[in-house]
Amino acid sequence: MEHNLFIYNTLTRRKERFIPLNEPYVGMYVCGPTVYGDGHLGHARPAITFDLLFRWLQQSGYKVRYVRNITDVGHLEHDADEGEDKIAKKARLEQKEPMEVVQYYLNRYHKAMEALNVLPPSIEPHASGHIIEQIEFIKQILDAGYAYISEGSVYFDVRKYDHDHKYGILSGRNIDDLLENTRELDGQQEKHCSLDFALWKKAQPEHIMRWPSPWSDGFPGWHLECSTMGTKYLGQQFDIHGGGMDLVFPHHECEIAQSTAALGHESVRYWMHNNMITINGQKMGKSLGNFITLDEFFTGSHKLLDQAYAPMTIRFFILQAQYRSTVDFSNEALKASEKGYQRLMEAYSRLKSLKPAATSTVDVKDLRAKCTEAMNDDLNSPIVISHLFEAAKAINAVADGKATISAEDLEELKATYKLFVEDVLGLKADAAEGSSSTSDAYKKAVDLLLNIRLEAKQNKDWATSDKIRNALQAAGFTIKDTKDGFEWSL
RNA sequence: GGUACCUUGGCCGAGUGGUUAGGCAACGGUCUGCAAAACCGUGUACAGCGGUUCGAAUCUGCUAGGUACCUCCA
């Protein structure tokens with residue numbers, strides 16, 4: 001197998017040739033959502049980024065096992081150091097079972113991901129379903145001597161780990177600097193050192209999410225599920241671990257420490273991180289009032305939005321930036337993407353009805369190679385899109401009768417467009433193009449009307465011609481005349 | 001304060017030591033009964049000030065501005 005894919009490894013801060021551990025298999029783990037609220041843009045970026053990687057690895061011939069976890073336990077509220085976590089808090093506020101909250105938001109998350117055409121991962125493990133594995137993982141760390149028990153909780157010994165290995169290799173931090181900058185937090189007395197983090201936390205009496213363990217009734221620490229489930233489903237060493245840049249420290253740093261402490265070696269070979277999203281140049285945050293959920297984008301129901309934006313517009317917009325760049329959402333930028341996306345998809349639709357000629361006057365031969373090269377360069381989707389737009393010009397020229405394309409070139413162009421537009425970038429036409437008999441019948445009816453209009457035009461009966469067009473437009477159709485016919489869409 | 005990253009034309013956004021990114025918007029033109037679409041043409045952009053070089057927007061130093069993380073966060 002060729003190894004032409006280069007990906008940026010956060011660990012080494014450079015692009016590296018991707019060579020999987022056990023070809024043709026690739027193991028990939030991505031940090032998924034904490035399901036205590038509606039999905040927002042911040043969830044869309046990693047989902048789409050790693051969906052792109054998942055698709056590209058498969059197109060490159062790999063057999064990929066893609067694991068994306070669901071965090072449904074843990075993650076303490078910073079202002080609730082009494083041991084309440086986000087899901088338990090939400091459950092208490094809404095008078096529900098924690099798992100009821102989890103299920104509700106998980107269903108909504110899945111729906112949003114489907115709308116964005118994000119493929120489901122191979123395995124979607126829940127933290128709550130792997131408590132036993134997490135307890136076993138803690139035992140391994142305790143046995144290795146890198147954790148200690150305190151008041152029914154278990155903490156990771158960062159100082160000892162740093163002495164034997166090195167803490168901070170991913171984020172470029174060292175513990176001396178970290179110690180200087182540590183702020184005073186409540187509930188630190190149980191820890192030997194402020195940098196130590198919980199592997200198991202004893203539950204307070206009012207804490208509703210709890211499981212028995214050798215140390216206390218409680219719940220697993222914040223970082224443990226990824227180390228545990230990654231190892232369980234992908235092995236002691238695996239290829240790719242992804243997530244948002246904000247997770248580099250402390251989450252992924254702690255994961256590395258946990259896995260290395262328990263297994264004696266690092267488990268992840270390539271760390272990949274997507275950059276953040278800003279809205280009108282500002283970080284998105286609940287306190288800043290610019291926190292927009294995916295549903296709000298799809299329906300336009302947020303005061304910062306001028307209009308609704310289709311899921312495919314959001315996807316296209318995100319793909320128009322390379323995943324390691326920040327991407328700023330603004331109405332102006334989104335509208336530009338919406339138009340560009342429509343232009344691209346119209347060209348794709350025209351391509352399907354092009355008629356071949358004896359020779360080509362357009363050059364589309366190296367499109368596949370150019371797009372492949374761009375994808376192999378750390379998933380440079382903006383470049384892929386720019387090449388597709390170049391080809392769109394050629395498609396439109398042929399459709400206008402201003403250029404010709406040979407049968408061979410046409411087949412290649414169709415195959416390449418399908419590969420990159422649909423299979424790799426995961427873009428699809430928004431209108432549901434079902435082939436049910438009702439929609440077929442309705443398409444025929446519209447075609448019939450437009451054919452009558454065409455005849456009227458040929459007879460220079462502009463009154464009838466315009467009447468049909470105006471009526472269809474009023475009903476919401478877009479009508480475009482072409483060289484020798486028409487195009488329409490709803 | 002510490003660490004890392006960034007600053008490209010009206011907007012978004014790639015890339016690079018010397019050669020057109022691309023999209024949106026704008027302007028002019030072609031086509032068209034009109035409209036829409038499409039096509040053609042037009043912008044001499046790379047934060048500022050030095051340095052290296054035959055040549056830098058691309059390498060380097062400083063300055064200014066911005067973003068992220070520093071135990072909630074995608």
Side-chain angles (χ1 to χ4, degrees), chain A residues 10 13 30-34 36-37 39-47 49 75-80 85-86 168 171-174 176-178 180-183 185 194-198 222-223 242-251 253-254 273-278 281-286 291 316-317 320-322 324-341 343-344 346-347 350 374 377 380-390 392-393 395-397 399-403 457 460-462 465-466 469-470 473 478-483 486-487:
Chain A
T10 310
R13 300 191 189 279
V30 174
C31 290
T34 304
Y36 68 105
H40 53 80
L41 273 180
H43 293 109
R45 186 105 198 251
T49 297
H75 286 252
L76 294 170
E77 289 274 353
H78 75 300
D79 57 355
D85 74 38
K86 284 173 177 170
S171 56
R173 284 157 217 254
N174 65 67
D176 295 332
D177 288 347
L178 287 168
E180 275 178 32
N181 289 300
T182 302
R183 10 177 168 157
L185 287 172
S194 60
L195 296 178
D196 293 350
F197 54 91
W222 317 3
H223 313 298
M245 264 184 194
D246 55 335
L247 297 179
V248 171
F249 189 88
H251 183 57
E253 203 69 79
C254 294
H273 293 95
N274 62 273
N275 212 322
M276 299 291 102
I277 276 166
T278 55
Q282 258 197 321
K283 175 188 159 100
M284 186 175 71
K286 281 181 174 161
F291 189 89
F316 185 72
F317 182 71
Q320 267 191 307
Q322 208 267 350
R324 284 190 292 117
S325 305
T326 54
V327 64
D328 185 50
F329 273 71
S330 63
N331 280 293
E332 197 180 9
L334 277 167
K335 285 175 193 170
S337 276
E338 184 175 54
K339 287 203 173 181
Y341 174 65
R343 194 166 117 81
L344 184 69
E346 273 171 29
R350 277 184 199 121
D377 182 16
N380 202 331
S381 51
I383 294 291
V384 174
I385 290 170
S386 79
H387 292 317
L388 292 173
F389 271 117
E390 294 281 356
K393 276 191 187 175
I395 291 167
N396 288 329
D400 273 2
K402 289 171 181 160
K457 277 176 67 182
K460 298 199 190 301
D461 178 3
W462 309 129
S465 151
D466 287 352
R469 184 177 66 195
N470 293 341
Q473 280 177 340
T478 305
I479 311 296
K480 291 172 193 167
D481 289 355
T482 61
K483 193 168 160 37
F486 52 81
E487 283 177 359

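In what follows, chains are A, B, ... by sequence order, proteins preceding strands, each numbered from 1. Since we're looking at a predicted model, the values are computed, not measured.
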Hey, does G340(A) reach any base, or is it just sugar-phosphate, or nothing, if we go heavy atoms under 4.0 Å?
sugar-phosphate

Same-atom distance (C1') from C62(B) to U7(B), integer angstrom
16 Å

Supply the atom-to-atom distance N274(A) CG to T326(A) OG1, rounded to the nearest 0.5 angstrom.
11.5 Å

If I take atom OG from residue S381(A) and atom CG from residue L388(A), how far apart are they, to the nearest 0.5 angstrom?
10.5 Å

Interatomic spacing from CZ in R469(A) to CH2 in W462(A) - rounded to 0.5 Å:
10.0 Å

Given the C1' atoms of U60(B) and G28(B), what is the spacing between them in whole Å?
44 Å

Under the criteria of a ring-centre distance below 5.5 Å and an interplanar angle below 30°, is F389(A) stacked with the base of G23(B)?
no

Donor-acceptor under 3.5 Å (S386(A) side chain, I383(A) main chain)
yes

Just the rounded figure in Å: distance from P of C73(B) to CD1 of I277(A).
17 Å

Could you check whether F329(A) and F317(A) have their ring centres less than 6.0 Å apart?
yes

Distance-only, no hydrogens or angles: does the R45(A) side chain make a donor-acceptor pair with backbone N or O of M276(A) under 3.5 Å?
yes

Please identify each residue that fulfils side chain to side chain contact (heavy atoms under 4.5 Å, CB included) with Q322(A), with sequence neighbours left out.
R324(A), S325(A), D378(A), N380(A), P382(A)

Could you please spell out the steps behind the side chain to side chain contact (heavy atoms under 4.5 Å, CB included) verdict for F197(A) and H223(A)?
CA-CA 9 Å; F197(A) 54 91; H223(A) 313 298; 3.7 Å; yes

Look at all strands and tell whether R173(A) reaches a base, only sugar-phosphate, or nothing, counting heavy atoms closer than 4.0 Å.
base

Using the C1' atoms only, state how far A36(B) lies from U30(B), rounded to an integer number of Å.
16 Å

I'd like to know if R324(A) reaches the base of C6(B) with its side chain such that a donor and an acceptor end up less than 3.5 angstrom apart.
no

Have a look at H387(A) and say if it touches a base, only the backbone sugar-phosphate, or nothing, with a 4.0 Å heavy-atom cut-off.
nothing

For nucleotides G65(B) and G17(B), find the distance between their P atoms and express it as a whole number of Å.
30 Å

Does A26(B) have a Watson-Crick or wobble mate here (both distances under 3.5 Å), and if so which one?
U42(B)

Provide the distance between the two P atoms, one in U71(B) and one in A57(B), to the nearest whole Å.
41 Å

Starting at the 5' end of RNA chain B, which residue's closest nucleotide do you reach first, S171(A) or R45(A)?
S171(A)

Whole Å only: how far is the CD1 atom of I385(A) from the P atom of C24(B)?
12 Å

Strictly by Watson-Crick or wobble contacts shorter than 3.5 Å, is anything paired with U20(B), and which nucleotide is it?
none

Using modelled atom types and a 3.5 Å cut-off, is there a donor and acceptor pairing between side-chain atoms of H387(A) and backbone atoms of V384(A)?
no

If we take the P atom in both G22(B) and U44(B), what is their distance in whole Å?
16 Å

Pairwise C1' distance, G13(B) and C46(B) [rounded to whole Å]:
13 Å

If the P atom of U58(B) is compared with that of A45(B), how far apart are they to the nearest Å?
14 Å

Can Q320(A) and S337(A) be counted as having a side-chain donor-acceptor contact under 3.5 angstrom?
yes

Please give the nucleotide sitting opposite C59(B) as a Watson-Crick or G-U wobble pair, both distances under 3.5 Å, or none.
G51(B)

Whichever of G42(A) and W462(A) has the more 5' nearest nucleotide on RNA chain B, that residue is W462(A)

Under the 3.5 angstrom rule, does the side chain of D461(A) hit a backbone N or O of K457(A) as a donor-acceptor pair?
no

Set out, line by line, the N/O atom pairs under 3.5 Å between protein and nucleotides 10-13 of chain B.
residue	atom	partner	partner atom	Å
C11(B)	O2'	E332(A)	OE1	3.4

Testing A74(B), G22(B), A14(B) for proximity to the side chain of I383(A), the answer is A14(B)

Measuring from D400(A):CG to I395(A):CD1, what's the distance to the nearest 0.5 Å?
12.0 Å

Has N380(A) got a side-chain N or O lying under 4.0 Å from the OP1 or OP2 atom of G15(B)?
yes

Measure from CG on L41(A) to P on C73(B) and round the result to the nearest Å.
19 Å

Sort out the partner of C31(B) for me: Watson-Crick or G-U wobble, both distances under 3.5 Å, none otherwise.
none

Interatomic distance where NE2 belongs to H251(A) and P belongs to C70(B) [whole Å]:
13 Å

Per the atom types in the model, does the base of G33(B) pair as donor or acceptor with the side chain of S465(A) at under 3.5 Å?
yes

Please tell me which of the listed nucleotides, G15(B), C34(B), A21(B), lies nearest to the side chain of E390(A)?
A21(B)

For U3(B), which nucleotide is its Watson-Crick or G-U wobble mate, given both distances must be under 3.5 Å?
A68(B)

N331(A) CG to A25(B) C1', straight-line distance once rounded to whole Å:
15 Å

What is the distance from CG of N275(A) to P of A68(B), rounded to the nearest Å?
10 Å

At under 4.0 Å between heavy atoms, how does the protein contact nucleotides 36-47 of chain B? Give one character per nucleotide, 5' to 3', with B, S or -.
BSBS--------

Please report, rounded to the nearest Å, how far the C1' atom of A25(B) is from the OH atom of Y341(A).
21 Å

Specify the separation, in whole Å, of atom CZ of F249(A) and atom P of C73(B).
12 Å

Remember a base hit wins even if backbone is also touched, and classify L334(A) as base, sugar-phosphate or nothing at under 4.0 Å, heavy atoms.
nothing

Salt bridge or not between R173(A) and E253(A)? Use side-chain N to carboxylate O under 4.0 Å.
no

Check whether any side-chain N or O of K339(A) sits under 4.0 Å from OP1 or OP2 of A25(B), and answer yes or no.
yes

Checking all strands, does M245(A) fall into the base, sugar-phosphate, or nothing category for heavy-atom contacts under 4.0 angstrom?
nothing

